[in-house]
Visitor: 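For reference, the structure I am asking about is given below.
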Amino acid sequence: MTKAILQTESGDSNMALNLAQIASTPSGARRLRLITAISELTVRPGFAVPTDALAEVDAYYGQDDRALEADLRWMKDRGWVEFWASIAGIKDVLIEAAGYDAASVFIESRTDIVERSKSARENYLRWLYDCDHNDDRRLTHSDFRASAHGNYLGQEFSDGEIRKAARRLVDGGYITGERMATGSYAAPRISNEGINIIERYGSLAKIPAASQGNVTTHINLADSHGNNLNVGGSKVTQTSNVTVDQLEQATMFIRSAKGLIPLLGLADGDQVKALEIIGELESETTGPAPKRDRIKELISKVAEIAALGTAQGMVDALVGMAESTLAALGG
């Protein structure tokens with residue numbers, strides 16, 4: 001409901017205020033948080049909320065004594081609240097019906113998981129575009145969250161939302177990054193395709209449907225473990241290649257195995273052989289058409305050699321990872 005229109009009354013005129021437009025500025029987002037707080041503090045109809053209770057809604061109010069009164073006057077002009085000011089200032093405030101509507105729509109909109117997910121992808125891509133333009137590197141989730149793009153209607157994106165947004169953008173080829181065991185992407189960067197999207201269309205949502213007609217999409221079908229379908233294209237094909245999820249699992253195994261193999265207590269010849277197989281596995285996963293069966297075969301070989309090691313704890317860890325990866329790759 002981000003495009004929900006709030007009908008508000010202002011004296012002798014009616015105004016239509018777009019919620020997303022209000023929240024797109026720091027002052028607008030602050031005012032929406034304020035009306036939400038007033039709504040939540042109104043314990044019964046006609047209850048006057050003391051303004052002292054609103055001072056903690058935003059740090060800006062603590063920095064400037066006039067800021068809270070200015071925002072309340074802005075709301076009064078739109079029929080959201082009513083109050084009576086004296087020489088001593090505004091001591092309490094009553095919420096009006098339009099204010100209740102504004103607060104309820106704001107709460108519902110900023111918790112809408114569909115709109116939050118779409119916004120997270122759009123914002124993350126635009127953030128990386130800005131970072132690329134400014135030559136910013138070594139970026140993290142915290143950097144994104146602290147930026148102007150790191151929230152939806154004033155509410156910060158969670159770690160899970162950021163991870164999912166980054167993953168979708170990587171899958172689409174719009175950004176690059178090294179996926180870590182936590183699911184986060186280290187050193188994310190916008191790709192040339194992502195730059196083209198921003199500069200040509202402005203956002204992912206504005207990409208014409210015709211431009212998306214021949215995109216390879218990874219879909220899990222019933223009784224089918226990893227099939228690539230060319231959705232919307234004139235030539236539809238199906239192969240036994242791995243899905244993006246499966247490929248990511250294999251890539252994570254490779255990174256872990258590289259670090260663990262020297263710690264397994266293997267004979268020199270076995271260690272060399274294991275690393276050679278890891279090299280083959282890496283070539284297969286980064287090739288133009290990785291084959292699931294070949295990847296499984298190579299992972300199994302790594303596990304067989306690992307079992308010969310004398311450092312049992314390390315051996316168990318690597319063999320366990322191999323088994324988990326094989327299970328993810330399916331039959």
Side-chain angles (χ1 to χ4, degrees), residues 163 166-189 191-194 215-221 223-230 235 237-331:
R163 284 195 295 267
R167 180 176 171 181
R168 289 287 299 276
L169 291 170
V170 168
D171 290 350
Y174 303 121
I175 70 172
T176 62
E178 182 178 351
R179 191 167 190 236
M180 300 182 291
T182 60
S184 302
Y185 284 87
R189 293 191 63 179
S191 67
N192 288 334
E193 178 64 18
V215 178
T216 298
T217 304
H218 301 275
I219 303 174
N220 288 327
L221 302 177
D223 300 320
S224 178
H225 301 279
N227 300 278
N228 292 341
L229 299 182
N230 180 14
K235 297 180 179 180
T237 60
Q238 180 171 344
T239 70
S240 60
N241 294 351
V242 292
T243 65
V244 170
D245 286 346
Q246 292 170 335
L247 201 57
E248 287 176 349
Q249 291 288 332
T251 301
M252 290 171 63
F253 172 78
I254 291 170
R255 286 200 296 268
S256 298
K258 282 182 176 179
L260 286 175
I261 285 173
L263 307 175
L264 298 178
L266 292 168
D268 290 344
D270 289 333
Q271 179 171 314
V272 170
K273 186 175 181 181
L275 291 173
E276 287 177 351
I277 295 172
I278 287 294
E280 293 181 49
L281 179 58
E282 192 164 28
S283 296
E284 181 66 29
T285 58
T286 57
K291 294 296 186 291
R292 185 180 65 252
D293 290 344
R294 178 58 176 163
I295 292 173
K296 291 177 62 179
E297 177 187 354
L298 293 170
I299 291 175
S300 295
K301 287 183 177 181
V302 172
E304 290 172 4
I305 296 175
L308 302 175
T310 58
Q312 197 58 48
M314 295 297 181
V315 170
D316 290 344
L318 184 53
V319 172
M321 282 188 285
E323 291 174 348
S324 296
T325 306
L326 290 171
L329 287 166

Visitor: Check whether any side-chain heavy atom of Ile299 lies under 4.5 Å from a side-chain heavy atom of Ile254, and answer yes or no.
Guide: no
Visitor: Using atom types as modelled and distance alone, determine if a side-chain donor or acceptor of Ser191 lies under 3.5 Å from a backbone N or O of Gly173.
Guide: yes
Visitor: Mind running side chain to side chain contact (heavy atoms under 4.5 Å, CB included) on Glu248 and Asp171 for me, showing each step along the way?
Guide: CA-CA 10 Å; Glu248 287 176 349; Asp171 290 350; 3.7 Å; yes
Visitor: Once side chain to side chain contact (heavy atoms under 4.5 Å, CB included) is applied, do any residues pair with Thr251, and if so which ones, sequence neighbours excluded?
Guide: Arg255
Visitor: For Glu297, enumerate each residue passing the side chain to side chain contact (heavy atoms under 4.5 Å, CB included) test, keeping only those at least two apart in sequence or located in another chain.
Guide: Arg294, Lys301
Visitor: Taking C-beta and beyond as the side chain, do Thr176 and Pro188 meet within less than 4.5 Å on heavy atoms?
Guide: no
Visitor: State which residues pass salt bridge (charged side-chain N to carboxylate O under 4.0 Å, His left out) with Glu284; sequence neighbours excluded, sorted by chain then number.
Guide: none
Visitor: Measuring only between side-chain heavy atoms, which start at C-beta, is Leu281 closer than 4.5 Å to Phe253?
Guide: yes
Visitor: Which pair of non-hydrogen atoms, one from Ala257 and one from Ile278, has the smallest distance, and what is that distance?
Guide: CB-CD1, 3.6 Å
Visitor: What is the minimum heavy-atom distance between Leu298 and Ile277, and which atoms define it?
Guide: O-CG2, 3.5 Å
Visitor: Ser300 and Leu326: side chain to side chain contact (heavy atoms under 4.5 Å, CB included), yes or no, with the steps?
Guide: CA-CA 8 Å; Ser300 295; Leu326 290 171; 3.7 Å; yes
Visitor: For Ala328, what residues pass the side chain to side chain contact (heavy atoms under 4.5 Å, CB included) criterion, not counting sequence neighbours?
Guide: Gln249
Visitor: Calculate, to the nearest 0.5 Å, the distance between atoms CE and CG belonging to Met314 and Leu260 respectively.
Guide: 6.5 Å
Visitor: Taking only residues two or more places apart in sequence or in another chain, which ones pass side chain to side chain contact (heavy atoms under 4.5 Å, CB included) with Arg163?
Guide: His141, Asp159, Ser184
Visitor: Output side-chain donor-acceptor pairs under 3.5 Å for residues 267-274, partner residues at least two apart or in another chain, one line each.
Guide:
none

Visitor: Looking only at non-hydrogen atoms, find the nearest pair between Ala306 and Leu266 and report the distance.
Guide: O-CD2, 4.3 Å
Visitor: On a heavy-atom basis, which atom in Ile295 and which in Ala250 lie closest, and how many Å separate them?
Guide: CG2-CB, 4.0 Å
Visitor: With side chain to side chain donor-acceptor pair (under 3.5 Å) as the rule and sequence neighbours excluded, what pairs involving residues 309-319 come up?
Guide: Gln312-Asp316
Visitor: So for atom CE, which belongs to Met321, do other residues, nucleotides or ligands contribute more than 12 heavy atoms lying within a distance under 6.0 Å?
Guide: yes
Visitor: What are the two closest non-hydrogen atoms of Ala303 and Ala322, and how far apart are they?
Guide: CB-CB, 3.8 Å
